[in-house]
Protein chains: 2
Amino acid sequence: MVNFNEIPMFANLDKKFHKELHDSIYMKRFTKNSIVFYEGDESDYFYILLEGTIRLFKTSPKGSQVQINRMKAPTMIGEYACFEKEPFPATCEFITDGVIGLLHFDKIYKYLDDKEFSLGLIKSLTSKVILLSSLVHKETILSSEAKVADLMIEKISIFNRLRNNEIAAILNLTPETFSRIISKFKKESIIIVENNKLKILNSEALYIIVETNTVKECTNCIANFKKQLQLEGKL
Amino acid sequence: MVNFNEIPMFANLDKKFHKELHDSIYMKRFTKNSIVFYEGDESDYFYILLEGTIRLFKTSPKGSQVQINRMKAPTMIGEYACFEKEPFPATCEFITDGVIGLLHFDKIYKYLDDKEFSLGLIKSLTSKVILLSSLVHKETILSSEAKVADLMIEKISIFNRLRNNEIAAILNLTPETFSRIISKFKKESIIIVENNKLKILNSEALYIIVETNTVKECTNCIANFKKQLQLEGKL
DNA sequence: TGGAATCTCATTAAAATTAACCATAACCCT
DNA sequence: AGGGTTATGGTTAATTTTAATGAGATTCCA
């Protein structure tokens with residue numbers, strides 16, 4: 001049973017449409033790792049993620065995956081592709097089990113008479129633009145180190161929730177590169193791991209990394225060296 | 001004098017609004033190379049490009065520019081940033097002389113009552129999503145060679161209209177890399193330049209480059225070598 | 001008006017950088 | 001113990017950076 005009040009786009013849609021929505025929406029259940037649609041597919045349906053988490057990714061000719069983003073229910077997927085009658089630019093895969101609601105484009109068109117619905121759709125689209133534009137920023141401006149530093153600043157919780165493999169995928173880095181960067185940050189005393197929780201010791205350094213795209217080799221080396229000498233009573 | 005019928009978003013807006021638009025729009029003239037707004041600026045105004053051509057680009061910490069796209073009048077610029085109250089993700093610079101119309105966000109909000117206007121705005125947003133998603137594709141999936149090949153397939157005219165410098169900027173390549181790729185394509189007899197016009201000799205090869213991301217080193221070398229030998233009568 | 005000086009753009013080569021790729025070892029946990 | 005995960009070393013590929021050069025155009029001024 002779908003509660004449209006929970007879905008931002010439909011929440012403010014005139015209630016008279018809700019009954020009709022219930023009748024015209026087609027529900028489909030997916031298991032973990034199953035594919036909702038492939039990059040290049042076309043569709044006349046809106047995909048509404050009602051339950052679970054999905055990820056969108058592109059596949060390069062060599063087979064490597066570039067992750068666009070992860071999305072949690074409730075949200076709309078690929079609505080612009082439908083509006084523009086364009087093929088999906090990415091593959092959609094479930095990370096968990098979940099449910100997708102399918103709604104034919106023709107229905108949507110009718111709802112645009114409702115200002116609140118239009119506004120909801122516009123909001124949904126603008127948030128996609130923001131998302132893509134931040135992706136462009138990450139992929140074109142930030143170096144690998146800056147990507148990691150940026151994620152630490154923005155969403156430190158991810159580092160304690162997900163495996164390093166998955167974080168690397170989110171950042172479109174190889175696990176090796178990611179691991180090396182983490183090691184480097186530890187060596188620089190920018191971060192530390194205490195009882196399996198990552199803690200930021202020097203957030204100033206992280207900001208500098210994001211802004212300049214580089215970690216100065218051994219920022220704290222001299223300071224550490226002095227401390228070492230002090231401990232040994234030589235200073 | 002602005003003709004709103006020429007601007008897709010306003011064209012279908014109820015005519016009763018046109019008079020009001022004329023009164024509330026603030027026109028600003030720009031010269032070539034002047035900046036409309038900088039990456040990070042915020043604004044409560046819609047920017048409507050009425051005359052001329054602009055380009056949007058990001059600047060990396062090292063000072064290099066990543067071009068997002070070029071746009072010709074008439075079009076809307078950065079409408080999503082305004083909707084989301086987000087800073088502009090890129091700098092906007094005039095390539096030619098031109099005119100921008102500024103319209104306060106509050107006005108826009110009112111026009112959303114008009115379904116055609118909403119739809120126009122939605123269209124404008126979806127086209128931005130498509131644009132960004134194709135940019136993501138170019139920057140994350142395509143190799144340098146594939147980028148050039150792709151542009152040759154999609155818009156050969158650009159190669160005869162713009163300087164190599166500018167084409168390189170559009171593709172976010174250094175002029176050197178771009179030049180090398182062009183030389184390579186010539187050597188591979190994929191393209192040829194006749195009276196300053198670039199012509200594609202082997203479009204099949206271009207498609208293969210885009211799909212596989214690589215030019216097989218000297219695809220035609222063996223064939224050419226055989227031909228050479230035949231000409232010399234040694235075969 | 002001719003020609004030197006200056007600029008811009010294009011090309012080429014060599015060096016440096018970044019991050020992926022490959023292989024292998026270490027590490028955990030259940 | 002063994003599979004998934006993480007770490008690390010060595011190598012390679014792609015592209016940028018730096019530098020040098022050339023080819024046209026433009027300016028400037030005697």
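Here the structure is a predicted model, which means the values were calculated and not measured.
- A salt bridge does not link B/Arg70 to B/Glu93: none of the charged side-chain nitrogens sits closer than 4.0 Å to a carboxylate oxygen.
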Checking side-chain hydrogen bond (donor to acceptor under 3.5 Å, both in side chains) for the pair A/Thr59/A/Glu39: CA distance, chi angles, key distance, verdict?
-> CA-CA 8 Å; A/Thr59 310; A/Glu39 184 175 350; 4.5 Å; no
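- As a whole-Å value, the separation of A/Asn213 CG from D/dT16 C1' is 14 Å.
- Heavy-atom minimum distance, A/Leu125 versus B/Val129: O-CG2, 4.2 Å.
- Side-chain N/O atoms of A/Thr174 include none lying less than 4.0 angstrom from OP1 or OP2 on C/dA19.
- A straight line from CG of B/Leu171 to P of D/dT16 spans 11 Å, rounded to a whole angstrom.
- Checked for salt-bridge contact, A/Lys197 and A/Glu194 miss the test: no charged N lies under 4.0 Å from a carboxylate O.
- The pair A/Glu139-A/Lys147 meets the salt-bridge criterion, with a side-chain N (NZ, NE, NH1 or NH2) lying under 4.0 Å from an Asp/Glu carboxylate O.
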How would nucleotides 2-9 of chain D be written as a contact map, 5' to 3', with B for base contact, S for sugar-phosphate-only contact and - for no contact, using protein heavy atoms under 4.0 Å?
-> ---SSBBB
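- Annotation: proximity of residues 52-66 of chain A to DNA chain D (heavy atom, distance under 4.0 Å) is found for no residue.
- Between B/Ile181 atom CD1 and C/dT12 atom C1' there is a gap of 15 Å when expressed in whole angstrom units.
- Going from atom CD of B/Glu139 over to atom P of C/dT18 covers 18 Å, rounded to whole Å.
- Atoms CG and CD, on A/Leu173 and A/Gln67 in that order, are 11.5 Å from each other to the nearest 0.5 Å.
- Classification of A/Glu42 and A/Lys85 as a salt-bridged pair fails, no side-chain N sitting under 4.0 Å from a carboxylate O.
- The 5' end of DNA chain C is approached more closely, in terms of each residue's nearest nucleotide, by A/Leu173 than by the other of A/Asn196 and A/Leu173.
- Using a 4.0 Å heavy-atom criterion, one finds that A/Asn172 contacts the sugar-phosphate atoms exclusively.
- What separates CZ of B/Phe185 from P of C/dT11 is a distance of 14 Å, to the nearest Å.
- Taking side-chain N and O atoms only, B/Ser143 has no distance below 4.0 Å to OP1 or OP2 of D/dA14.
- One interatomic measurement links the two molecules: CD of B/Glu145 to C1' of D/dT16, which rounds to 15 Å at whole-angstrom precision.
- The minimum heavy-atom distance linking B/Val36 with B/Phe30 is given by the pair CA-CE2, 3.9 Å.
- Summarising the local packing, CZ of B/Phe57 is surrounded by more than 12 heavy atoms from other residues, nucleotides or ligands at distances under 6.0 Å.
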